[in-house]
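Because the structure is predicted, anything quoted here is derived from the model rather than measured. For ligands, and for the atoms within them, numbers begin at 1 and follow the listed sequence.
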Amino acid sequence: MKTQVAIIGGGPSGLLLAQLLHRRGIESVVLERKTKDYVLGRIRAGVLEEGLVALMEEAGCADRLHAEGFTHEGTLISYGDEMFRVDFTAHTGKPVVVYGQTELTRDLYDAREKAGGHIVFNVADVRINDADTNAPFVTYVVDGAAQRLDCDFIAGCDGFHGVSRQAIPLDMRREYEKVYPFGWLGILSETPPVNHELIYANSPRGFALCSMRNERLSRYYIQCSLSDKPDDWTDAAFWQELKRRIPAAQADQLVTGPSIEKSIAPLRSFVTEPMRWGRLFLCGDAAHIVPPTGAKGLNTAASDVHYLYDALRDFYENGSEVGIDAYSEKALARVWKAERFSWWFSSLMHRYPDQSAFDLKIQVADLEFLRSNKAAQKAMAENYVGLPY
Ligand code: RFL
Ligand code: PHB
């Protein structure tokens, strides 16, 4: 088989890239290790920056997002007995949109299917070959049969545990990593959200986040130990712990109910450099991970897609390699700013096992500064709604 762009991974990055390229007449094949149902079963991101919304519009996939997504013009932050609001639109003129990654991925699958896009599910043993030449190809196995896909370019959109990053020789790449000593236990419940905006809570018992998917579906998280397992937490224990971490007024109003999903995610900051090797380009979680505090993961994946889409268009429409040569540098410049913000916001909001009395005082001072200083709120708002591409 032959195509222009071989895309490894049928998560949001891979599908968005495929759909955008399709709209410009550039063909691709997406190779996905799992089934569509499996990909759509993963509950992940919930907050979309304007840049991602614009890309979804350009991909022709934004109708449902506009109809069903919630526009959020600010967020609440609580600590001790204090709670304050950071007003995104007042500081930046931009809101964010709350719309689940699951729904966004579903919209992209629907669009690819409608357009007759080529997606191969259940692929195994994906290997990248000759990426450092002008004739790269991908081999894989599907239904027990070995296959070969020749292409001009390979987009590695296969997430943190994919094969694309590993295809770059070790002496050509450098990895930067920070592992946090805690995780997030998240639940989804068919209950109305406790508040119409998100609440990020720093409490002596650890971080908590109140989020949502729609007016009948809530998403809540609490910081937990890395050794915890989802089954260690009954729903009753989760609700009790959440109530102890959020302000009393909200705890009193919280509507609880059975969880329909419960999972634990470890927190990690990770970047690999460069994001390009020859004709292989890494995109999204394949190249970088952020802790979820600040909701930057999917949005940073989207900015990579934006730069790569531009670069590939420039190549196919103008015969120019300037964009593909600049891809890694441009993408990384924005990635590191999202890494910094996610690291800072995580440090601000969590309890660390080795936090000294001094560290705690600094954390409160940082929160106080953010609560009382307009410039600090503006900086936070600019990062939260997304830095320009
Ligand atoms: P994905 O979503 O991991 O998709 C990669 C796809 O590649 C497939 N794959 C392979 N396919 C073929 N061959 C192989 N060898 C393969 N290996 C893997 C996988 O099956 C999968 O389908 O990466 P992508 O597309 O780069 O998207 C990244 C986002 O999923 C991720 O950054 C966000 O979910 C992170 N994130 C959040 N981001 C936000 O912007 N806002 C949020 O509010 C937000 N909340 C979150 C989050 C992530 C979380 N978890 C569980 C890590 C909340 C949580 C709890
Ligand atoms: C979510 O709704 O899943 C969510 C929202 C904001 C975050 C992280 C996750 O910072």
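Judged by the 6.0 Å distance and 45° axis criteria, R276 is not positioned over the aromatic ring of F281.
Contact atoms of ligand 2 toward L198: 5 (C), 6 (C) (distance under 4.0 Å to a heavy atom of the residue). Listed by number with element, the atoms of ligand 2 under 4.0 Å from a non-hydrogen atom of Y200 are 6 (C), 7 (C), 10 (O). Close contacts between ligand 2 and A295 involve ligand atoms 6 (C), 7 (C), 10 (O) [criterion: under 4.0 Å to a heavy atom]. Atom numbering of ligand 1 starts at 1 in the shown order; those under 4.0 Å from a heavy atom of V47 are 41 (N), 43 (O). Shown in contact with V47 at under 4.0 Å from a heavy atom are these atoms of ligand 2, numbered in order with element: 5 (C), 6 (C). Taking every non-hydrogen atom of P292 and a distance limit under 4.0 Å, the qualifying atoms of ligand 2 come out as 7 (C), 8 (C), 10 (O). Shown in contact with C157 at under 4.0 Å from a heavy atom are these atoms of ligand 1, numbered in order with element: 5 (C), 6 (C), 7 (O). Near G294, the atoms of ligand 2 lying under 4.0 angstrom from a non-hydrogen atom of the residue are 10 (O).
Between D150 and R148 a salt bridge is recorded (basic side-chain N to carboxylate O distance below 4.0 Å). With respect to the salt-bridge test (charged N to carboxylate O, under 4.0 angstrom), the residues R213 and E103 do not qualify. The pair E58-R23 does not meet the salt-bridge criterion, since no charged nitrogen lies less than 4.0 angstrom from a carboxylate oxygen. With salt bridges taken as basic N to acidic carboxylate O contacts below 4.0 Å, one links E49 and R334. Comment: R165 engages E175 in a salt bridge, judged by a side-chain N to carboxylate O separation of less than 4.0 angstrom.
Between K34 and ligand 1, not a single N/O pair is under 3.5 Å apart. In terms of polar-atom proximity, defined here as any N/O pair under 3.5 Å, A295 does make such a contact with ligand 1. Taking any N or O of Y221, backbone or side chain, none lies under 3.5 Å from an N or O belonging to ligand 1. No N or O atom of R219 sits closer than 3.5 Å to an N or O atom of ligand 1. Residue H161 has no N or O atom closer than 3.5 Å to an N or O atom of ligand 1.
W184 counts as a contact of ligand 2, since one of its heavy atoms falls under 4.0 Å from the ligand. Distances from ligand 1 to the non-hydrogen atoms of G186 include no value under 4.0 Å. Within the 4.0 Å heavy-atom cutoff, R44 counts among the residues contacting ligand 2. At a 4.0 Å cut-off, not a single heavy atom of K296 sits close enough to ligand 2 to count as contact.
Taking atom 2 (O) of ligand 2 as the reference point, the nearest protein heavy-atom neighbour is S211 OG, 2.6 Å. The protein heavy-atom contact nearest to atom 3 (O) of ligand 2 is Y221 OH, 2.6 Å.
Note on ring orientation: taking the six-membered ring where Trp is involved, the planes of F70 and H72 are parallel (angle under 30°, cut-offs 30° and 60°). Using cut-offs of 30° and 60° for the angle between ring planes, the W184 and Y221 rings count as tilted.
Checking S13, G284, G11 against atom 24 (P) of ligand 1, the nearest heavy atom belongs to S13.
Ring centroid separation for the pair F270 and F160 comes in under the 6.0 Å cut-off.
Considering every non-hydrogen atom in both L185 and P230, the closest pair reads CD1-CA, 4.4 Å.
Between E339 and Y176, the side chains place no donor N or O within less than 3.5 Å of an acceptor N or O (distance only, hydrogens not considered).
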Please walk me through it: do R313 and D310 pass salt bridge (Lys or Arg N to Asp or Glu O under 4.0 Å)? CA-CA 5 Å; R313 256 174 48 197; D310 264 6; 3.8 Å; yes
